[in-house]
Number of protein chains: 2
Amino acid sequence: MHEQLKLSNQLCFRLYTVTRLITQAYRPLLDPLGLTYPQYLVMMVLWEQDNQTVGDIGRRLMLDTNTLTPMLQRMEREGLLVRTHGISDGRQTLVSLTKKGIHLEEKAKDIPACMSQNWHGDTMSNDQLNSMVNGIDTLINGMR
Amino acid sequence: MHEQLKLSNQLCFRLYTVTRLITQAYRPLLDPLGLTYPQYLVMMVLWEQDNQTVGDIGRRLMLDTNTLTPMLQRMEREGLLVRTHGISDGRQTLVSLTKKGIHLEEKAKDIPACMSQNWHGDTMSNDQLNSMVNGIDTLINGMR
DNA sequence: TATCTTTGCATCGTGAACGATATAAATTAT
DNA sequence: ATAATTTATATCGTTCACGATGCAAAGATA
């Protein structure tokens, strides 16, 4: 038996699991808004700055168009945003929020606080949280 | 603009992203073995202890049968394992490694070291790594 | 024994991820 | 200006993740 192949020794398995559990925890909060977690990420990008191209959003979320395009199409069907072909550059697709998409921000504004409360609210110190965030940023930058 | 809805403030987005990047980083190592990352997790569970039920594996990976059954069926088609109906309990499905599955451990044994090298190898201290692992365990236990 | 409930697994449908490939517009090179 | 290359999206196929549902075996209750 190879010790290093034990599940308990693996950081990656922990990250994989905690990410799934977090996504599940978001569901009851996002379901009423008609959003999935990845769609919520797209909405956050657009709430921060409207009228971005598919590429802009992709760079922000580190996702390629093979993931984004079908997702944006679904969100367009839901009436959250519209996709218009670029004026200056005919290759680009510009993504803009609809009124429905804009108004959704108001309903979403308490979700972050609600989520933090849910987990690290009581069990985790701010120091522990910050060192985790830094550690993850180190990982992300190291492999980008 | 709601400050708390900014992407940069979100631990979850970091976890989501780093998990995707890690899975991508595994690919070149796992492709030669004919495994995906989730399949690699299943193999680690079985290398640690052969002949487990679908439920055993699921509890270990915190995955339900709606994810595991199709995955195990694919792995059975690849000849990595066999699924036999339970003898004592007729409801259970027992998962056992084939010779091919057993021999694969030898080829996989250097993957963990290779992966650690890839990221935190140089950029991350052991202390930082440990505090991350503890932080994630705290999160996982807090929301399970 | 007959019925009810629980348990273990399978199936289905939808929404991601992502490698591979395609396509048209824009840019560069010849 | 024509051809070659790059860029921005889109499409396709496969694998996961997961809620919902189905079903048969096992266990509990009447």
Side-chain angles (χ1 to χ4, degrees), chain A residues 12-13 15-28 30-32 34-43 52-78 80 83-95, chain B residues 12-13 15-28 30-32 34-43 52-78 80 83-95:
Chain A
C12 332
F13 171 60
L15 288 168
Y16 161 82
T17 300
V18 78
T19 300
R20 282 195 306 107
L21 294 181
I22 286 176
T23 306
Q24 287 173 34
Y26 265 103
R27 205 177 305 272
L30 291 175
D31 264 353
L35 291 175
T36 65
Y37 181 67
Q39 290 175 5
Y40 171 63
L41 293 179
V42 170
M43 292 305 284
Q52 299 195 61
T53 67
V54 176
D56 291 336
I57 300 171
R59 274 182 292 280
R60 201 69 207 289
L61 299 179
M62 298 195 227
L63 288 170
D64 207 346
T65 63
N66 52 4
T67 298
L68 279 176
T69 297
M71 196 160 88
L72 293 170
Q73 286 169 345
R74 282 187 288 270
M75 294 172 79
E76 187 170 35
R77 279 202 300 274
E78 296 298 323
L80 297 170
R83 296 154 62 245
T84 52
H85 280 286
I87 332 96
S88 56
D89 188 330
R91 295 167 299 179
Q92 296 181 336
T93 296
L94 194 67
V95 181
Chain B
C12 331
F13 171 60
L15 288 168
Y16 161 82
T17 301
V18 78
T19 299
R20 281 193 308 107
L21 294 180
I22 287 176
T23 306
Q24 287 174 33
Y26 265 105
R27 206 177 303 271
L30 291 176
D31 265 353
L35 291 175
T36 65
Y37 181 68
Q39 290 175 4
Y40 171 64
L41 292 179
V42 170
M43 292 306 284
Q52 299 195 58
T53 66
V54 175
D56 292 336
I57 299 171
R59 273 181 293 278
R60 201 69 207 290
L61 299 180
M62 299 194 225
L63 288 170
D64 208 345
T65 64
N66 52 3
T67 298
L68 280 176
T69 297
M71 195 160 89
L72 293 170
Q73 287 169 345
R74 284 187 287 270
M75 295 172 80
E76 186 170 35
R77 281 203 299 273
E78 296 297 324
L80 297 170
R83 296 155 61 245
T84 53
H85 280 287
I87 333 96
S88 56
D89 188 330
R91 293 166 301 180
Q92 295 181 336
T93 296
L94 195 68
V95 181

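Lettering follows sequence order; numbering is per chain, from 1.
The separation between Q39(B) atom CD and dA17(D) atom C1' is 14 Å, rounded to whole Å. Protein atom CD of E78(B) is 10 Å distant from nucleotide atom P of dC16(D), rounded to whole Å. With rounding to whole Å, M71(A) atom CE is found 17 Å from dT11(D) atom C1'. Taking atom CG of L21(A) as the reference point, atom C1' of dC16(D) lies 15 Å away to the nearest angstrom. Atom pair R59(A):CZ and dT9(D):C1' shows a separation of 12 Å (rounding to whole Å applied). Put simply, OH on Y16(A) is 8 Å from C1' on dA17(D), counting in whole angstrom units. For the pair L35(B) CG and dT14(D) P, the computed distance is 19 Å after rounding to whole Å. Note: NE2 (H85(A)) to C1' (dT9(D)) measures 9 Å, nearest angstrom.
Among the nucleotides dC16(D), dC18(D), dT11(D), the one closest to any side-chain atom of R74(B) is dC16(D).
Side-chain contact check for L94(A) versus Q52(A): every heavy-atom pair is 4.5 Å or farther apart. Considering only heavy atoms from C-beta on, L15(A) comes within 4.5 Å of L15(B) through its side chain. Under the 4.5 Å side-chain criterion, counting only non-hydrogen atoms from C-beta, T19(A) is not in contact with V18(B). Side-chain contact between L35(A) and L80(A): present, with at least one pair of heavy atoms (C-beta onward) separated by less than 4.5 Å. For the pair M71(A) and L68(A), the minimum side-chain heavy-atom distance is below 4.5 Å.
R27(A) is linked by a side chain to side chain donor-acceptor pair (under 3.5 Å) to nothing, counting only residues two or more places apart in sequence or in another chain. T69(B) is linked by a side chain to side chain donor-acceptor pair (under 3.5 Å) to nothing, counting only residues two or more places apart in sequence or in another chain. In this structure Y37(A) satisfies the ring-ring contact (aromatic ring centres under 6.0 Å, His included) test together with Y26(A), Y16(B), sequence neighbours excluded. Remark: T23(A) engages no residue in a side chain to side chain donor-acceptor pair (under 3.5 Å) (not counting sequence neighbours). Partners of T17(B) under the side-chain contact (heavy atoms from CB on, under 4.5 Å) rule, at least two apart in sequence or in another chain, are M62(A), I140(A), F13(B), R20(B), L21(B).
In summary, contact between chain B and DNA chain C, defined as any nucleotide atom under 4.0 Å from a heavy atom of the protein, begins and ends at dT7(C) to dG19(C) in the 5' to 3' direction.
With axes fitted over five pairs at each extremity, the angle between the ends of the helix from dT1(C)-dA30(D) to dT30(C)-dA1(D) is 10° (10° resolution).
Projected onto DNA chain D by closest heavy-atom contact, L72(A) and R20(A) fall at different nucleotides, the more 5' of which corresponds to L72(A). Between T23(B) and V54(B), it is V54(B) whose nearest contact on DNA chain C lies nearer the 5' terminus.
For dA17(D), the OP1/OP2 oxygens have no side-chain nitrogen or oxygen of Q24(A) closer than 4.0 Å. Between R27(A) and dG19(D), a side-chain N or O to OP1/OP2 separation shorter than 4.0 Å is present. Dashed line: the shortest gap from a side-chain N or O of T93(A) to OP1 or OP2 of dA10(D) is under 4.0 Å.
Every pair passing side-chain hydrogen bond (donor to acceptor under 3.5 Å, both in side chains) that includes a residue from residues 56-66 of chain B is listed here, sequence neighbours excluded: T53(B)-D56(B), D56(B)-R59(B). Applying the salt bridge (charged side-chain N to carboxylate O under 4.0 Å, His left out) test to pairs two or more places apart or on separate chains, those with a residue in residues 65-77 of chain B are E76(B)-R83(B).
At the heavy-atom level, R83(B) lies under 4.0 Å from the strands shown only through sugar-phosphate atoms. Contacts of T53(A) with the nucleic acid, taken as non-hydrogen atoms under 4.0 Å apart, involve only primed sugar atoms and P, OP1 or OP2. T67(A) comes within 4.0 angstrom of a base, heavy atoms only.
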Would you list the protein and nucleotides 20-28 of chain D atom pairs, both N or O, that sit under 3.5 Å from each other?
from    : atom 1 : to     : atom 2 : distance (Å)
dA26(D) : OP1    : G90(B) : N      : 3.0

